[in-house]
**Q** 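Below is a structure I'd like to ask you about.
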Amino acid sequence: MSPRLRWRKFVSGFMLTMTGVCAMVAVSVLFLILGYLAVHGGTSVNWNFFTKLPVPVGETGGGMANAILGSAKMLLLATLFGVPIGFFGAIYLAEFSSGSIAFVVRYAADLLNGVPSIVIGIFAYSLVVHPFRQYSTLAGGFALGLMMIPITLRSTEEFLRGVPNPLREAAMALGASKWKTIATVIVPAAYRGILTAVLLAFARVAGETAPLLFTALGNQFWSPGWTHPTASLPVMIYTYALAPYDDWHRQAWAAGLVLLVLILVINIVARAILSRGIAVPRS
Amino acid sequence: MATTTTIVPSAGPVAGSRSFLSRLREGDEIARMFTFLFAASVVLITVLLVFELWQGSVLSRHKFGFNFFRTSVWDPIFEQFGALPFIYGTLVTAAIALLIAVPLGIGAAIFLAELAPARVSDTLEFFIDLLAAVPSVIYGVLGIFIVVPLMRQYVQPALKLSLGFLPLFQGPAYGVGFLTAGVVLAIMVIPYIISVSREVLLSVPRDQREAALSLGATRWESTWKVVVPFARAGIFGSIFLALARALGETMAVTMVVGNTPMISSSLLSPGYSIAAVIANEFTEATGQLHTQSLIELGLVLFILTFILNGFARLLIVATSKRGSGMGHV
């Protein structure tokens, strides 16, 4: 082996090892995050955390029950608002649309998907908060719902398009009308994919903080109804982590752990549903 | 990326021969209209978003004009608003993030696409996807409690000791600042670079690799001189995507950047970013002009990410088409 070749082989081996190191470093971040959260927040995740209100500085104990409920309410609103638009819009794109309209809709969805979440917050503020002069659960849910639309729309369309054409033709050959074909054949065939899309969209917005800062604001107490400022888990993490109290830091770690576990579990479930599906491309 | 070929029957032979009325009776027209409303509302929302940003910043745009981007006084009391420090901070933190994330991300993507066996690659990609799902506020918490102390005690003193003669690494080590924000941002955007780059690298046809290897190239030479250039556009796309993320990122940056509107040549000094100032001041904005200036900052952010995302998408689509197109030849 000439020295030149030996050098080239050395470079090859070295660089390929380095790429492996890069991959390991990148993946290890996930376990570092989980580990840190578990160590620092694990002890504070207890029954009180889920059932008690936050306590004033200096008192120990207390929890984030109001924030958990607030987040749940806003996520419910977001799902009710974002998923239908994404779902039916996707049906239009995949089954009914003609070229130019579909292009515009897709373009708008991609644009919306790329908007920084803080800008979504400004939009929701000027549309819902400003006219009523009231921070509210409603406004927070609206902001989160906006972010769910493009994710649901684009992936649902992808999965509807993945349904093989012979299925459509078979249904129509039996005399089914188009909407009946869609409702009874196409959507059921793609439902795993659609469910995955919805779950991923849900997980994505569940951790969003920036759009809630000036729509839902925050609240140290329960938020009755839908038209009052409300606490939410991500915003609580933010304010508690920045506060100068050790006790609050512990709560922030705990809330972070709860939120992250929730989001990761939804992600894993979504992917598990998809991997058992049939006849749908993984986009 | 490659979707299975689907020809969507816009109006099949059966549907086409029926009259509008009979289609209406069977509900097809109603279904079409109904779903169209939802699709149209997506467009409407997007247009409304742009309109609100434009309309909401009208006062500030008229009063300051282009000076908004050139002056660096941000004074709510005297109603003087110049956004330069925020724009500077946004660009500097994003640049640091890319400097760290691009080599690491592309390296990892090469490993996943070229070296790792399929099962290992898929498993690691699964973890990378989970990493991409971690909310930014959690990166912020880790930034405050882990990265900032590390920076203050070890990294920044070491940098000052070794490279302190450069203007980049001078001044006291606060822990928070441009560098820290850049590092946290880098950690956040690496998953995006890896996922997309892996995808485009995988779409490079096998023949390309085989041809290079058969000419006597080593594994690395075939990867670096043939496969990576082939996928170049898509990899750039992933970088633009990451850049757009980094520019628009709010929570993690707000928590570690120091929130001081300063333009400093030192990366160790605290700074501010566009998204961070919106997050911090929006609810407490004192006057209409203050609010409108913040909305104008939102508009700037929107335009920046809009351009970058569009560019990224073009590059990624072009590459994966090129890959899958030639693979079948």
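Chain A is the first sequence line, chain B the second, and so forth, proteins listed ahead of strands; every chain is numbered from 1.
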**Q** Picking from A/Tyr36, A/Phe87, A/Tyr240, which has the most non-hydrogen pairs under 4.5 angstrom with chain B?
**A**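 Answer, by heavy-atom pair count under 4.5 Å with chain B: A/Tyr36.
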
**Q** Flag the one option from A/Val119, A/Val104, A/Leu32 with the top tally of heavy-atom pairs under 4.5 Å to chain B.
**A**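 Winner by heavy-atom pair count: A/Val119.
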
**Q** Find the one option among A/Leu127, A/Leu259, A/Leu257 whose heavy-atom pairs under 4.5 Å with chain B are most numerous.
**A**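 When all of A/Leu127, A/Leu259, A/Leu257 are compared, A/Leu127 has the most.
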
**Q** Looking only at heavy atoms, what is the nearest atom pair of A/Ile101 and B/Phe36, with distance?
**A**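 Here A/Ile101 and B/Phe36 meet closest at CG2-CE1, 4.0 Å.
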
**Q** With a 4.5 angstrom heavy-atom cut-off, which part of B/Thr250 approaches chain A: side chain, backbone, both or neither?
**A**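 Just the side chain, heavy atoms under 4.5 Å.
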
**Q** How many angstroms lie between atom CE of A/Met15 and atom CD1 of B/Ile110, to the nearest 0.5 angstrom?
**A**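 That separation rounds to 7.5 Å.
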
**Q** Passes side-chain contact (heavy atoms from CB on, under 4.5 Å), B/Leu37 versus A/Tyr92? Steps please.
**A** CA-CA 9 Å; B/Leu37 282 181; A/Tyr92 179 79; over 6 Å; no

**Q** Pick from B/Leu241, B/Leu130, B/Asn309, B/Leu308: which one has the most heavy-atom pairs with chain A under 4.5 Å?
**A**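 Ranked by contacts with chain A, first place is B/Leu130.
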
**Q** For A/Phe88 and B/Phe34, I'd like to know if the aromatic rings sit close, meaning centre-to-centre distance below 6.0 Å.
**A**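 Between B/Phe34 and A/Phe88, which both carry aromatic rings, the centre distance is below 6.0 Å.
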
**Q** Any heavy-atom pair between the side chains of B/Phe126 and A/Ile268 that's under 4.5 Å?
**A**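 A/Ile268 vs B/Phe126: side chains touch.
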
**Q** Tell me, for A/Leu5 versus chain B, whether the close heavy atoms (under 4.5 Å) come from the side chain, the backbone, both or neither.
**A**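 No part of it gets close to chain B.
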
**Q** Looking only at heavy atoms and a cut-off of under 4.5 Å, which of B/Ala31, B/Ala40, B/Gly56 has the most pairs with chain A?
**A**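 Between B/Ala31, B/Ala40, B/Gly56, the count favours B/Ala31.
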
**Q** Could you tell me which non-hydrogen atom of B/Pro103 sits nearest to which non-hydrogen atom of A/Cys22, and how far apart they are?
**A**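 Nearest heavy atoms, B/Pro103 then A/Cys22: O-SG, 4.3 Å.
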
**Q** For the atom pair CD1 (A/Ile118) and CD (B/Glu249), what is the distance rounded to the nearest 0.5 Å?
**A**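 Going from CD1 on A/Ile118 over to CD on B/Glu249, the span is 9.5 Å.
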
**Q** Going by heavy atoms in the side chains, are B/Thr305 and A/Val115 under 4.5 Å from each other?
**A**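 Side-chain contact under 4.5 Å: no.
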
**Q** Could you measure the distance from the CZ atom of B/Phe306 to the CG atom of A/Leu112? Nearest 0.5 Å is fine.
**A**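 B/Phe306 CZ to A/Leu112 CG: 12.5 Å, rounded to 0.5 Å.
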
**Q** Measuring heavy-atom distances to chain A, does B/Ala279 have an atom under 4.5 Å in its side chain, in its backbone, in both, or in neither?
**A**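 Both backbone and side chain.
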
**Q** Which answer fits A/Ile182, side chain, backbone, both or neither, if we ask what part of it has an atom under 4.5 Å from a heavy atom of chain B?
**A**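 Nothing of A/Ile182, per the 4.5 Å heavy-atom cut-off to chain B.
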
**Q** With a 4.5 Å cut-off on side-chain heavy atoms, are A/Val11 and B/Thr218 touching?
**A**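 B/Thr218 does not reach A/Val11 side chain to side chain.
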
**Q** Do the side chains of B/Leu131 and A/Ile33 get nearer than 4.5 Å, heavy atoms only?
**A**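 They are in contact (side-chain heavy atoms under 4.5 Å apart), so the answer is yes.
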
**Q** Sorted by first residue and then second, give each salt bridge (Lys or Arg N to Asp or Glu O under 4.0 Å) pair with at least one member in residues 10-23 of chain A; sequence neighbours left out.
**A**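 Found none.
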
**Q** Examine whether an atom of A/Tyr135 lies under 4.5 Å from a heavy atom of chain B, and if so say whether it belongs to the side chain, the backbone or both; otherwise answer neither.
**A**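 Side chain of A/Tyr135 only, per the 4.5 Å heavy-atom cut-off to chain B.
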
**Q** What closest approach, in Å, do A/Ala26 and B/Ile190 show between heavy atoms, and which atom pair accounts for it?
**A**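 Taking A/Ala26 first and B/Ile190 second, the nearest heavy atoms are CB-CG2, 4.1 Å.
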
**Q** Select, from B/Glu114, B/Gln55, B/Glu221, the one with the greatest count of heavy-atom pairs under 4.5 Å involving chain A.
**A**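 Heavy-atom pair counts peak at B/Glu221.
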
**Q** What residue, out of B/Met255, B/Arg245, B/Arg219, has the most heavy-atom pairs lying under 4.5 Å from chain A?
**A**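 The option with the most such pairs is B/Met255.
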
**Q** I'd like to check B/Met251 versus A/Leu213 (side-chain heavy atoms, cut-off strictly below 4.5 Å). Are they in contact?
**A**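 They are in contact (side-chain heavy atoms under 4.5 Å apart), so the answer is yes.
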
**Q** Quick check on A/Arg8 against chain B: is it the side chain, the backbone, both or neither that has a heavy atom closer than 4.5 Å?
**A**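 Interface part for A/Arg8: both.
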
**Q** Is chain A contacted by the side chain of B/Leu115, its backbone, both, or neither, given a heavy-atom distance below 4.5 Å?
**A**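 For B/Leu115, side-chain heavy atoms alone lie under 4.5 Å from chain A.
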
**Q** Select all residues of residues 134-144 of chain B having any heavy atom within less than 4.5 Å of some heavy atom of chain A, and report them by number, or 'none'.
**A**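 Listed by number, the contacting residues are B/Val134, B/Pro135, B/Val137, B/Ile138, B/Tyr139, B/Val141, B/Leu142, B/Ile144.
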
**Q** Which one, A/Pro84, A/Ala241, A/Ala203, A/Ala206, leads in non-hydrogen pairs under 4.5 Å with chain B?
**A**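 Ranked by contacts with chain B, first place is A/Ala241.
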
**Q** Please report whether the ring centroid of B/Phe145 lies less than 6.0 Å from that of A/Trp253.
**A**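 Yes.
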
**Q** Does some side-chain heavy atom of B/Leu53 sit less than 4.5 Å from a side-chain heavy atom of A/Ile122?
**A**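 The answer is yes, as the side chains (C-beta and beyond) meet within the 4.5 Å cut-off.
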
**Q** Are B/Asp129 and A/Asn267 packed together at the side-chain level, in the sense that at least one heavy-atom pair is separated by less than 4.5 angstrom?
**A**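 With C-beta onward as the side chain, the pair stays apart.
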
**Q** Answer whether the closest heavy-atom distance between the side chains of A/Tyr107 and B/Thr46 falls below 4.5 Å.
**A**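 No. Closest side-chain heavy atoms not under 4.5 Å.
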
**Q** Looking at B/Ala39, B/Gly105, B/Gly310, which has the largest count of heavy-atom pairs under 4.5 Å with chain A?
**A**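 Most heavy-atom pairs within the cutoff with chain A belong to B/Ala39.
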
**Q** Sort A/Leu34 into side chain, backbone, both or neither according to what part of it lies under 4.5 angstrom from a heavy atom of chain B.
**A**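 Contact with chain B involves no heavy atom of A/Leu34 at all.
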
**Q** Considering residues at least two apart in sequence or located in another chain, which fulfil the side-chain hydrogen bond (donor to acceptor under 3.5 Å, both in side chains) criterion with A/Ser155?
**A**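 In terms of side-chain hydrogen bond (donor to acceptor under 3.5 Å, both in side chains), with neighbours along the sequence ignored, A/Ser155 is linked to no residue.
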
**Q** How long is the gap from CZ on B/Phe127 to CZ on A/Phe31, to the nearest 0.5 Å?
**A**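 Output value for this atom pair is 3.5 Å.
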
**Q** A/Gly89 and B/Phe38: which non-hydrogen atoms are nearest, and at how many Å?
**A**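 Heavy-atom minimum between the residues: N-CB, 3.8 Å.
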
**Q** Atom CD1 in B/Ile45, atom CG in A/Leu111: separation rounded to 0.5 Å?
**A**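 Nearest 0.5 Å value for the CD1-CG distance: 12.5 Å.
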
**Q** Shorter than 4.5 Å, heavy atoms on both sides: which option in A/Leu37, A/Leu30, A/Asn113 has the most such pairs with chain B?
**A**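 Of the candidates given, the most pairs with chain B belong to A/Leu30.
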
**Q** Within this structure, what is the OG1-CG distance for the pair B/Thr254 and A/Leu242, rounded to the nearest 0.5 Å?
**A**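 Interatomic distance, B/Thr254 OG1 to A/Leu242 CG, rounded to 0.5 Å: 8.5 Å.
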
**Q** Pick from B/Leu301, B/Leu299, B/Leu247: which one has the most heavy-atom pairs with chain A under 4.5 Å?
**A**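 Among B/Leu301, B/Leu299, B/Leu247, the one with the most close pairs to chain A is B/Leu301.
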
**Q** What pairs with B/Phe282 under ring pair (Phe, Tyr, Trp, His ring centres under 6.0 Å), at least two apart in sequence or on another chain?
**A**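 Here the qualifying residues are A/Tyr125, A/Phe214.
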
**Q** Just do the side-chain contact (heavy atoms from CB on, under 4.5 Å) check on B/Trp220 and A/Thr19 with the steps written out, would you?
**A** CA-CA 10 Å; B/Trp220 171 251; A/Thr19 62; 4.1 Å; yes

**Q** Considering all heavy atoms of both residues, which atom of A/Trp179 and which atom of B/Gly27 are nearest to each other, and what is their separation?
**A**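 For A/Trp179 versus B/Gly27, the nearest heavy atoms are CD1-C, 3.4 Å.
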
